[in-house]
Amino acid sequence: MDERSRGPLKFLSLLGIIVICGLIAWHVGVKVSFLRGNLFTAGYTILISSYVLSRFGLAAFYRPPRDRGIEPTVAIIVPAYNESEAVSRTIRSCLALDYPRHKIEIVVINDGSSDDTWDRMLETAAEYPPGSVRCIDLGRNMGKRAAMAAGIRATSSEILVFVDSDSMPARDAIRKLVQGFADPKVGAISGLTYVRNAATNTLTRMQATRYYVSFQLLKSAESVLGAVTCCSGCFAAYRRSAVVDLLDEWEHQRFLGVECTYGDDRALTNRVIKAGWTTRYDSRAEAWTDAPDGYRTFFRQQLRWKKSWSREGPLLLAHIWRSRLRALPSVAVQTVAGLMSPLVILYSLAQPLTHGRFPAVYFVGLFLVSAAYAMVYRMLRNDGMWIYAFLGTFFYIAFSPQLLWAIARIRDGKWGTRDDAGTDAGPGQAPPAQRTGDREMVLSNV
């Protein structure tokens, strides 16, 4: 479809978003009146509807950082664990970046993989001139944070860029991502990550649309407030001076007596915000990553992410009023509504049995939010997958009660989507985090 025919469709999508947002606002009034005596449900409606509407309002003011022509030194840090099939591809994409070679360091860390990831790293690095890639082997599995921290300590560049071992930044992504650091107040910037294997099945398509809407709507809104609450581990950059003083505290973070082994990106972003730095989102800096294509792996990943949010969300709320006051209402609503969500859906589903009526008003609201997200996707992308943005919203809401299980298992340090043999700790025990025995191998021709 050419640009001339896309123009009217974009306009119609925008018009649809405006109409749907108006209906959501109207729906709030109807539901509050209809459930006048039910403060719990009415309160949740006000919270979640105001949050959704505020995302659209704030995102309308979003503008990506402007190109300032800066070229700071950059360290690309790639932690890898059992990524034999993907790590070579990631290394090659990092070496193909459009950025001055003398201003870039590439460090790949093997976190005690049990497959041939280390051999693949060395083989790929050996394909390039000496000094192009540094390969570090931790010797045993110590967790992603230890791998990231080892990468930070092995470099000296001004900007630290983290790239997951199954991710690929676009050729111009680093050049664009660093421009936001021209503002001395900025401590971290998240790029835009697409799902590379979106076409695999329905699950990956729903994840792809969810990723895109989350970045282009939710992170855009947070960026306007100067407080992107999670600079995604797939592809994000940090100012070294914003991280070095937090490094030990972040690497060995403890919660409820147990050392934290998951949620590294959200936890690091949280600490950067707490230290007074601004965090941004750059929609021009693009990368691609693989999403789970099986439901078992997907639900385990979501459990880990929910455990991370359950820990870091309230921690962020505890200090955001000091570090970024204008983001307080947004963070407060997001946290409270997120904690209420599984209770509300369970209550709504139980209504036909307990009250003899179908919660039509609740599902009308969910339908409107889903339609709004679908229209956002349709307005910004023309790949025919907007319907999965609509279906995906229902899908993600349907398993929101998983949050209750995540809270119950918040002290469990297992990742779920990887072999946790190296980080399996008993109740109340921290997984091993010592760095003794780490070894670095820099090939003579790497």
With sequence neighbours excluded, residues passing ring pair (Phe, Tyr, Trp, His ring centres under 6.0 Å) with F56: none
Backbone N/O of A198 and side chain of T204: donor-acceptor pair under 3.5 Å: yes
Determine, stepwise, if the pair R175 / D67 fulfils side-chain contact (heavy atoms from CB on, under 4.5 Å). CA-CA 9 Å; R175 184 175 295 279; D67 190 342; 5.8 Å; no
P342 side chain reached by W405 side chain, heavy atoms, under 4.5 Å: no
Take a 6.0 Å sphere around OH of Y295 and say whether it holds more than 12 heavy atoms from other residues, nucleotides or ligands. yes
Under 4.0 Å between a Lys/Arg side-chain N and an Asp/Glu carboxylate O for D265 and K144? no
Return yes when atom CZ of R66 has more than 12 non-hydrogen atoms of other residues, nucleotides or ligands closer than 6.0 Å, and no otherwise. no
Residues that F162 engages under ring pair (Phe, Tyr, Trp, His ring centres under 6.0 Å), provided they are two or more places apart: Y238
Is the distance from the ring center of F298 to that of F395 below 6.0 Å? yes
Spell out, as yes or no, whether a donor-acceptor pair under 3.5 Å connects the side chain of S113 to the backbone of D115. no
Salt-bridge contact R311-D412 (side-chain N to carboxylate O under 4.0 Å): no
Strictly by ring pair (Phe, Tyr, Trp, His ring centres under 6.0 Å), give each pair with a member in residues 299-343 just once, sequence neighbours left out. F299-F399
Could you check whether the rings of F367 and F390 sit parallel, tilted or perpendicular, using 30° and 60° as the cut-offs? perpendicular
Do E222 and T279 have side chains that get closer than 4.5 Å, going by heavy atoms? no
Salt bridge (charged side-chain N to carboxylate O under 4.0 Å, His left out) contacts touching residues 196-219 (sequence neighbours left out): R196-D290
Closest approach of F394 and S370, non-hydrogen atoms and distance? CE1-OG, 3.3 Å
For T90 and S165, which heavy atoms make the closest approach, and how far apart are they? OG1-O, 2.7 Å
Measuring only between side-chain heavy atoms, which start at C-beta, is R326 closer than 4.5 Å to R324? yes
Sequence neighbours excluded, which residues qualify as ring pair (Phe, Tyr, Trp, His ring centres under 6.0 Å) partners of F181? none
For R92, enumerate each residue passing the salt bridge (Lys or Arg N to Asp or Glu O under 4.0 Å) test, keeping only those at least two apart in sequence or located in another chain. E127
With no hydrogens and no angle check, do the side chains of Q253 and R145 hold a donor and an acceptor under 3.5 Å apart? yes
